[in-house]
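Just below is one structure, and these are the notes that go with it.
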Amino acid sequence: MKKALILFILIILAFSSCKKDEEAAIADKSETEKGIYPDIILENAEYHIGENGSDPILLKAGKITFYSKDGYALTEDMTFSSQDEKGDIVFSGSAGKGSINTDGSNMSLWGGVVFKDEKRGMEIRAENLELDRDEDTIVADGRVMVESEEGRFSGYDFKGDMKTGVYIFSEIEEGELNFE
């Protein structure tokens, strides 16, 4: 009888020890993995990103993955557009993938990016593009093609100021101006 009682106590201690080790491991794991997993994943979705008082960005994407703790969303196979308070489209475009601040201020796009500055009738094509809405600037490293009513250009390392409409290449590969 004593052997059975001692065996029973040892089994209980072993299970409680294992349970404490398991709980500690789960607590350690959850501490190290905070922010790694997304809050929500939307497929074939439309979503408005932006803060109140700013022009939101309408996303249509094959997949949108939100990480609210870190304040960004990852997108795949996306189109996007933004309208001003009058309802006029300010910019639009598409990209294979992107990382977008959920406050709508910055977008990093890659994978066959097409960006259209609708006010100026300008289309920009690049492999990657950064949009900073706080500064109203566009930056695209590598080869970039730009087409507008004024002409068509291809070059490298493109920077643009959407407020002033000044767009600059660090190097122009080829281009043509339309004088009319």
Starting from V113, can I reach F169 by hopping between I/L/V/M/F/W/Y residues whose side chains sit under 4.5 Å apart?
yes

Contacts of S82 that satisfy side chain to side chain donor-acceptor pair (under 3.5 Å) - sequence neighbours left out:
R133

For I168, what residues pass the side chain to side chain contact (heavy atoms under 4.5 Å, CB included) criterion, not counting sequence neighbours?
V166

In chain order, what residues pass the ring pair (Phe, Tyr, Trp, His ring centres under 6.0 Å) check against F153, with sequence neighbours excluded?
none

For a 4.5 angstrom cut-off between non-hydrogen side-chain atoms, does M107 reach I49?
no

Side chains of L109 and K97: does their closest heavy-atom pair fall under 4.5 Å?
no

Excluding sequence neighbours, so at least two apart, what forms side chain to side chain contact (heavy atoms under 4.5 Å, CB included) with N106?
N101, D132

Evaluate the criterion ring pair (Phe, Tyr, Trp, His ring centres under 6.0 Å) for residue pair F66 and Y47; output intermediate values, then yes/no.
CA-CA 11 Å; F66 290 92; Y47 196 84; 4.7 Å; yes

Heavy-atom donor-acceptor pair, D157 side chain to G142 backbone, under 3.5 Å:
yes

By side chain to side chain contact (heavy atoms under 4.5 Å, CB included), S94 pairs with (sequence neighbours left out) T79, V114

Are L59 and I40 connected in the hydrophobic side-chain network, where two residues link if heavy atoms are under 4.5 Å apart?
yes

Minimum side-chain heavy-atom gap V139-F158 below 4.5 Å:
no

Taking ring pair (Phe, Tyr, Trp, His ring centres under 6.0 Å) as the test, write out the residues that go with F80, two or more places apart.
none

Contacts of type side chain to side chain donor-acceptor pair (under 3.5 Å), residue S99, not counting sequence neighbours
none

Main chain of G98, side chain of T75: is a donor-acceptor contact present, judged purely on distance under 3.5 Å?
yes

Using a 3.5 Å distance criterion without hydrogens, assess whether the side chain of S170 forms a donor-acceptor pair with backbone atoms of Y156.
yes

D161: what forms a side chain to side chain donor-acceptor pair (under 3.5 Å) with it, not counting sequence neighbours?
none

Residues which pass side chain to side chain donor-acceptor pair (under 3.5 Å) with S92, listed by chain and number, not counting sequence neighbours
E118

Measuring from atom CG of D136 to atom NZ of K163, what distance do you get when rounded to the nearest 0.5 angstrom?
5.5 Å

Using 0.5 Å steps for rounding, measure from the CD1 atom of I64 to the CG atom of L74.
10.5 Å

Taking only residues two or more places apart in sequence or in another chain, which ones pass ring pair (Phe, Tyr, Trp, His ring centres under 6.0 Å) with F91?
F115

When rounded to the nearest 0.5 Å, the distance separating CD of E76 from OG1 of T65 is 6.5 Å

Please list, chain by chain and in numerical order, all residues satisfying side chain to side chain contact (heavy atoms under 4.5 Å, CB included) with Q83, sequence neighbours excluded.
I89

What are the two closest heavy atoms between M162 and L131, and how far apart are they?
SD-CD1, 4.0 Å

Step through it carefully: locate the ring centre of Y67, locate the ring centre of Y37, and say whether they are under 6.0 Å apart.
no

Less than 4.5 Å apart, any side-chain heavy atom of K159 and any of T137?
no

With sequence neighbours left out, which residue pairs that include part of residues 137-149 fulfil the salt bridge (charged side-chain N to carboxylate O under 4.0 Å, His left out) condition?
R143-E173, E147-R152

If we only count heavy atoms from C-beta on, is the R120 to Y167 side-chain gap below 4.5 Å?
yes

Out of the candidates I124, N128, I138, only one should pair with V144 under the side-chain contact (heavy atoms from CB on, under 4.5 Å) rule; please name it.
I124

